[in-house]
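This report refers to the structure that appears directly beneath it.
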2 protein chains.
Amino acid sequence: MNAQDDTSKQITSVDVAKLAGVSRSAVSRTFTPGASVAQETREKVLKAADALGYRVNQLARSLTNKRSDLVGIVAANMDNPFRTEQIEQISRKLMEQNFRPILMPAESADDPSRIIGMLLEYSVSGVIVTSDTPPEAICQECVSLGVPVVLVNKRKIGATVDRVLMDNLKCGQLAAQALYEKGCRNVAIISANVPSYSLQVRGDAFKRSCLEMGLQPVTGFAADFQDYNGGAHAAAQLLASGRPFDGLFCVTDFMALGALDHLRLSGAPPVPERMQVIGCDDIRQAAWQGYNLTTIRQDTAHLAEAVIEALLNRFSKPNAPATTKTLDVSLIERGTTR
Amino acid sequence: MNAQDDTSKQITSVDVAKLAGVSRSAVSRTFTPGASVAQETREKVLKAADALGYRVNQLARSLTNKRSDLVGIVAANMDNPFRTEQIEQISRKLMEQNFRPILMPAESADDPSRIIGMLLEYSVSGVIVTSDTPPEAICQECVSLGVPVVLVNKRKIGATVDRVLMDNLKCGQLAAQALYEKGCRNVAIISANVPSYSLQVRGDAFKRSCLEMGLQPVTGFAADFQDYNGGAHAAAQLLASGRPFDGLFCVTDFMALGALDHLRLSGAPPVPERMQVIGCDDIRQAAWQGYNLTTIRQDTAHLAEAVIEALLNRFSKPNAPATTKTLDVSLIERGTTR
DNA sequence: CTGTTAGCGCTTTCAG
DNA sequence: CTGAAAGCGCTAACAG
């Protein structure tokens, strides 16, 4: 009907071959890194391709290759800046390696198996999970289909599912030690009522370290949601309980910011003079001058690198035993501690 | 070599057909919504598929369909919470409609044409751009390939490129009016030194509205980066300039938060008593009790809906003239104004 | 309603 | 180094 319609036909390797006066194979080889084509042929092909505006159809290519270069990212809690930072870094690194990230936001309510199943329909080359720990069954399915799964900050499952973790144990320990060394003798912890492996480990490590140092931490105050408001509410309850404390560890920065604001605005003892606060993650907001939060830092860029590395390793050794890469963390002292 | 290897063969519709004792077509039809299959056949197929763990290969499917259900999202400034909110909402809505979002983070340094080109290789069904306005040429290529492009908060280009915008003009107007009505007579604006269409429009509208009301706005203070620190620096320069002001409009909340923190911590006149501040976007942080920022709100959920709608409309009417959907905004009064 | 028959666009042996 | 031919997994006419 429209003149536009004529143009809208896709240009295929046949068209290019025809124009260049060569076979489709020659075209294919020209666009396959490391294939053997005569320089002269390649040039003819390239010229024709350029003239026609040809683009390789990656979908068709992956049909034969069995690998699509699509990589799924299953992500939860995208309201948490730490997560979006991870996602951005991972997607970038993926693109650099010529993969294409397909992003699947997932709430806890969503069934991870279903989400991963959708990904499988697209023959993804790999799946990166930063949401809740998925059921072992679906991971096994991925693995037996030759699709590597990389878990970020999740508990161990299966025998060939790689993980990359920040050192959550150390997070808790560093926080406890720092608070102790800075003079706190009545420490409290705000955790979250969510089934999160890393938050669990952080919290447990903190409590254990406290006990080891002879401190009896104030526990039992957990946010219903792992976010700013969750932190604020938990802080309110902690204050309302009347239990005295001069040091506070929040298992995530996101919650710590809420707690901090609540402390400041509710007439609680001033931070850091009579109350010290430490968070965990080092999200960008922690460094904002309005917060200046002391925290435990783990570099999302390193994390992203480790994830990609795990993925690539798994491609080359599909049956190697599961690996766990633990990334170091460090205390970043800012203004909420003395 | 390994027992696992035997399992790793992909299950195809042929396998299912064989087990179910039907033809491949029957299998295909069973998994094609709205195809005609006898109930009995369908059940046999479903049972066999389930037993085998069959999944449709969407890549193969799209090879015939010419539509992949993959939708590209080109996104910049992922450090800005407003952007990640947009991205999350859009991806979710896309998934609900059975599309799969492929996320391409892009800095201003990246060439949008290259990024979109990559997307085209994957036969995406559409492209959503929330980064810088892409060159018209590549958009034309998309359009002539039948791939709709939807621009979010970008200036107009081409004849069949749809856009969805928040009412940037009104943003600036509302801010100016609110400040005026709340008694400010010396207003200032902090904008950004970046080539952003929407920021430009907001700023211009603000200035014009001020002039119309007889106010001479303090201008010329722009952040080099469209972020928290950018806002803080600009505020510092504004204060250092010695030019008096009692009302401040920041073209994004992200910058507003930085400015606000700077004002508070630098001993500037107290907010909101002697200085009122308004931002724009209504990012989540604006509602945090520590900021409680008055701002201009635009619902990212609505925005996402409008984007999907534009996409779907374009599918049904490929050659319809370009549409522009402008979403209404409203003033959210919080604690930084009186 | 069902099976058969052609492809979708690309890669990849396999001869030459 | 190059072309011909087969096939990746699926869908879409087309007869039956």
Side-chain angles (χ1 to χ4, degrees), chain A residues 8-46 48-49 52-70 98 120-125 145-147, chain B residues 8-46 48-49 52-70 98 120-125 145-147:
Chain A
S8 79
K9 210 205 58 169
Q10 224 200 99
I11 283 111
T12 76
S13 63
V14 175
D15 302 313
V16 178
K18 212 169 287 175
L19 213 197
V22 297
S23 72
R24 295 165 62 195
S25 318
V27 179
S28 172
R29 285 193 263 260
T30 306
F31 289 100
T32 303
S36 57
V37 206
Q39 184 59 23
E40 196 191 353
T41 319
R42 143 172 268 111
E43 273 162 19
K44 274 192 295 186
V45 170
L46 251 20
L52 261 33
Y54 170 72
R55 290 182 198 281
V56 186
N57 182 332
Q58 300 290 351
L59 263 29
R61 169 178 275 183
S62 38
L63 201 54
T64 21
N65 283 352
K66 316 287 279 178
R67 274 261 180 76
S68 69
D69 289 351
L70 253 22
N98 259 292
L120 253 18
E121 295 188 348
Y122 282 86
S123 312
V124 288
S125 297
L145 280 157
V147 177
Chain B
S8 78
K9 210 205 58 168
Q10 223 201 101
I11 284 106
T12 77
S13 63
V14 175
D15 302 314
V16 179
K18 211 169 287 174
L19 214 197
V22 296
S23 74
R24 295 164 62 194
S25 317
V27 179
S28 172
R29 286 192 264 259
T30 307
F31 290 98
T32 303
S36 58
V37 206
Q39 184 59 23
E40 195 190 355
T41 320
R42 144 171 268 111
E43 273 161 20
K44 276 193 295 187
V45 170
L46 251 20
L52 260 33
Y54 169 73
R55 290 181 197 284
V56 188
N57 183 331
Q58 300 289 352
L59 263 30
R61 170 178 276 182
S62 38
L63 201 54
T64 22
N65 284 351
K66 313 290 279 179
R67 272 264 179 76
S68 70
D69 289 350
L70 255 20
N98 260 294
L120 253 17
E121 295 190 348
Y122 282 85
S123 312
V124 287
S125 298
L145 279 157
V147 177

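First the proteins, then the strands, lettered A, B, ... as listed; each starts at 1.
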Atom pairs, N/O to N/O, protein against nucleotides 1-4 of chain C, distance under 3.5 Å?
from   : atom 1 : to       : atom 2 : distance (Å)
dC1(C) : OP2    : Ser36(B) : OG     : 2.9
dT2(C) : OP1    : Thr41(B) : OG1    : 2.0
dT2(C) : OP2    : Ala38(B) : N      : 2.8
dT2(C) : OP2    : Thr41(B) : OG1    : 3.3
dG3(C) : OP2    : Ser23(B) : N      : 3.1
dG3(C) : OP2    : Ser23(B) : OG     : 3.1
dG3(C) : N7     : Arg29(B) : NH2    : 2.7
dT4(C) : O4     : Ser25(B) : OG     : 2.8

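Distance check, rounded to the nearest 0.5 Å: NZ of Lys44(B) to OG1 of Thr30(B) gives 10.5 Å. Here the OG1-CD distance, from Thr41(B) to Gln39(B), works out to 9.0 Å after rounding to the nearest 0.5 Å. Note that OG of Ser13(B) and CZ of Arg29(B) are 12.0 Å apart. Values are rounded to the nearest 0.5 Å.
Between the side chain of Ser68(B) and the main chain of Ser123(B), a donor-acceptor pair closer than 3.5 Å is present.
Within residues 53-69 of chain A, the residues that place at least one heavy atom under 4.0 Å from DNA chain D are, in residue-number order, Leu63(A), Thr64(A), Lys66(A).
You'll find the side chain of Gln58(B) stays beyond 4.5 Å of the side chain of Leu70(B), heavy atoms only. Looking at heavy atoms from C-beta onward, Leu46(A) lies in side-chain contact with Phe31(A) at the 4.5 angstrom threshold. Thr12(B) has its side chain out of reach of Asn57(B): every pair of non-hydrogen atoms, C-beta onward, lies at least 4.5 Å apart.
The side chain to side chain donor-acceptor pair (under 3.5 Å) check on Arg55(A) picks up Glu141(B), with sequence neighbours excluded.
At dT11(D), one or more side-chain N or O atoms of Ser28(B) fall inside 4.0 Å of OP1 or OP2 (strictly under the cut-off).
Contact annotation for Ser13(B): backbone-only contact, meaning every heavy-atom pair under 4.0 Å involves sugar-phosphate atoms and none involves a base.
Taking atom CG on Leu145(A) and atom P on dG9(D), their separation rounds to 12 Å, with Å as the unit. If you take CD of Gln10(B) and P of dG7(D), they are 18 Å apart, rounded to a whole angstrom. Between the P atom of dC8(C) and the CG atom of Asp15(A) lies a distance of 11 Å, rounded to the nearest Å.
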